[in-house]
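Okay, so here's the structure we're looking at.
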Number of protein chains: 2
Amino acid sequence: MADASTRTVERALLLLGTVCDRGVVSLADAARDATLSASTALRLLRTLESTGFVRKDDDGYRPGMRIVQLGAQALSHESLVSLAGAALDRLVGGTGESAYLNVPADDGHGIYIAVREGTHSVRHTSWVGRRIPLTGTAAGKVLAGEAPSCGYVVVRNGIEPDVTAVAAPVMIGDRIAASLSVVVPSYRISEQQADTLGELVAAEARSILNTSTATPAPGGTHPGDTEIQGESA
Amino acid sequence: MADASTRTVERALLLLGTVCDRGVVSLADAARDATLSASTALRLLRTLESTGFVRKDDDGYRPGMRIVQLGAQALSHESLVSLAGAALDRLVGGTGESAYLNVPADDGHGIYIAVREGTHSVRHTSWVGRRIPLTGTAAGKVLAGEAPSCGYVVVRNGIEPDVTAVAAPVMIGDRIAASLSVVVPSYRISEQQADTLGELVAAEARSILNTSTATPAPGGTHPGDTEIQGESA
DNA sequence: TAATGCATTTCACTTATTGAAACGCTCTTT
DNA sequence: AAAGAGCGTTTCAATAAGTGAAATGCATTA
């Protein structure tokens, strides 16, 4: 028991990942991909199959309904909030500005589901549950799918005067799950700085659902670690 | 090797299910839930943790980003289509009418992503990729979240004259992922029959993402197996 | 026909999983 | 304060359980 981890389970989860990554995969391919003997791969895939995590048809193995189900459950707001927690903290830590997470709400609106107040004495403030329109706000535009090529949206003095909002989408597959944003008093940030911040926010947004691949190396790299946004006015 | 399944993996997946079901769970609770000794549960949860399937914080274990990621991937249209395939087949087999699967599209519309033509010589026909408005159609109403208490929507002679559409939502957690529907020439179905059909469609829609719990018994029960919709005019 | 590749089964080997027990810890109870 | 209960964690010997090479049968391809 070298590393307090279960080899069999690791292998099974690796296979599960392979199946989900490729969409459909043959036994031989899956075995190659995971560097397993065919017999082992077969046994593990059968276990995954009997539990509904994968299913088998004539073309090979595909993701099963159980994983869709669990993934959807895990995607509840609460989970998304805590998944995004670290990213929000890093944004506040790196910029001193307030950071937010929004999701689409019922009608054509979005709501704040997580907030981290900035550390500046003059800062933007909002609260969990607050509704925002999908137009005229950076977070709203992102939720509305007005995804710019650069990966983030900057709105200066939009619906809220005197503040500049920078937002980027949290993608889940090819669908927009949420919007991550930082809101800054406009006097404190130049257009150029806003773009730099945009890159940072976009990187953090991407990181939220990006598997940092297995055991993150001690002191693993996160977006923003290398380059903290300057904040001189 | 009694049943060609690996106990360790089964247990790990069971724990994963527990974590996702409860949202957050302590080691002791998880162990009890899965009828495992604490030490075994701990080891398996650590494996799940090191692979990103669960994560641990002060409150206990929670679903990790990896499962959200895989679930989202699995939820791509293609997967949903093939997950729904069996349900569509059963609907056509049981009723002889055309059955469809729709998802929300870009603007306020839905699209057909899977069709199964009925077997009657006079039948409704549509095609994959066709767009429907969210109002005036049964599938559209379902997608729009106009979820009736009974679990299905019946639209007689709506946008399409002379046909009766019966639709039910495919829920994924608490969000509407798709609409499952059967469309029947109106002359062939009474209002009462439409309601019966509604129950059937709703049951099938529910079944699509309902884990049929582990190894389905040979000839496992599916909605509609017991009670096929009569179709006398 | 021979050859290649795949899915599947078998089986001896032994590795890797297992769970009881013990420990330190934090609360709660007495 | 001391005792008790519950939790997370580690240890360790027993052995149950997973492993992979090899063999089989079946398609496809050359």
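The interatomic distance linking Leu42(B) (CG) with dG19(C) (P) rounds to 13 Å, in whole Å. For Leu48(A) and dG18(D), the CG to P distance is 13 Å, given to the nearest whole Å. Rounding to whole angstrom units, CG of residue Leu36(B) and C1' of dC7(D) are separated by 17 Å. Atom P of nucleotide dG19(C) and atom CG of Leu44(B) are separated by 9 Å, given to the nearest angstrom. Rounded to whole angstrom, the span from the CG atom of Leu45(B) across to the P atom of dT17(C) amounts to 15 Å. One atom, CD of Glu10(B), and another, P of dT18(C), lie 11 Å apart when rounded to the nearest Å. Rounded to an integer number of Å, the gap from Asp58(A) CG to dT28(D) P is 12 Å. Asp57(A) has its CG atom 15 Å from the C1' atom of dA7(C), to the nearest Å.
Regarding contacts with the backbone of dT10(D), a side-chain N or O of Arg46(B) is found under 4.0 angstrom from either OP1 or OP2. For dG20(D), one of the phosphate oxygens OP1 or OP2 lies less than 4.0 angstrom from a side-chain nitrogen or oxygen of Thr40(A). An OP1 or OP2 oxygen of dA16(C) is reached within less than 4.0 angstrom by no side-chain nitrogen or oxygen of Thr8(B). The phosphate of dT9(D) (OP1 or OP2) has no side-chain N or O of Arg43(B) nearer than 4.0 angstrom. Remark: Arg11(B) is in phosphate contact with dG19(C), judged by side-chain N or O atoms under 4.0 Å from OP1 or OP2.
Put simply, the side chain of Thr51(B) gets close to the backbone of Thr47(B): a donor and an acceptor are under 3.5 Å apart. Counting only distance, with no hydrogens or angles, the side chain of Arg116(A) and the backbone of Val92(A) share no donor-acceptor pair below 3.5 Å.
Side-chain contact check for Thr8(B) and Thr8(A): no donor-acceptor pair (N or O, by modelled atom type) lies under 3.5 Å. Of the N and O atoms on the side chains of Thr40(A) and Ser37(A), at least one donor lies less than 3.5 Å from an acceptor on the other residue.
The residue among Arg7(B) and Lys56(A) whose nearest nucleotide of DNA chain C lies closer to the 5′ end is Lys56(A). In terms of position on DNA chain D, the residue among Ser39(B) and Arg32(B) whose nearest nucleotide sits closer to the 5' end is Arg32(B).
Ranking dG18(D), dC7(D), dT10(D) by closeness to the Ala28(B) side chain, first place goes to dC7(D).
Of the candidates Arg55(B), Arg62(B), Lys56(B), Arg62(B) is the only one forming a salt bridge (charged side-chain N to carboxylate O under 4.0 Å, His left out) with Asp59(B).
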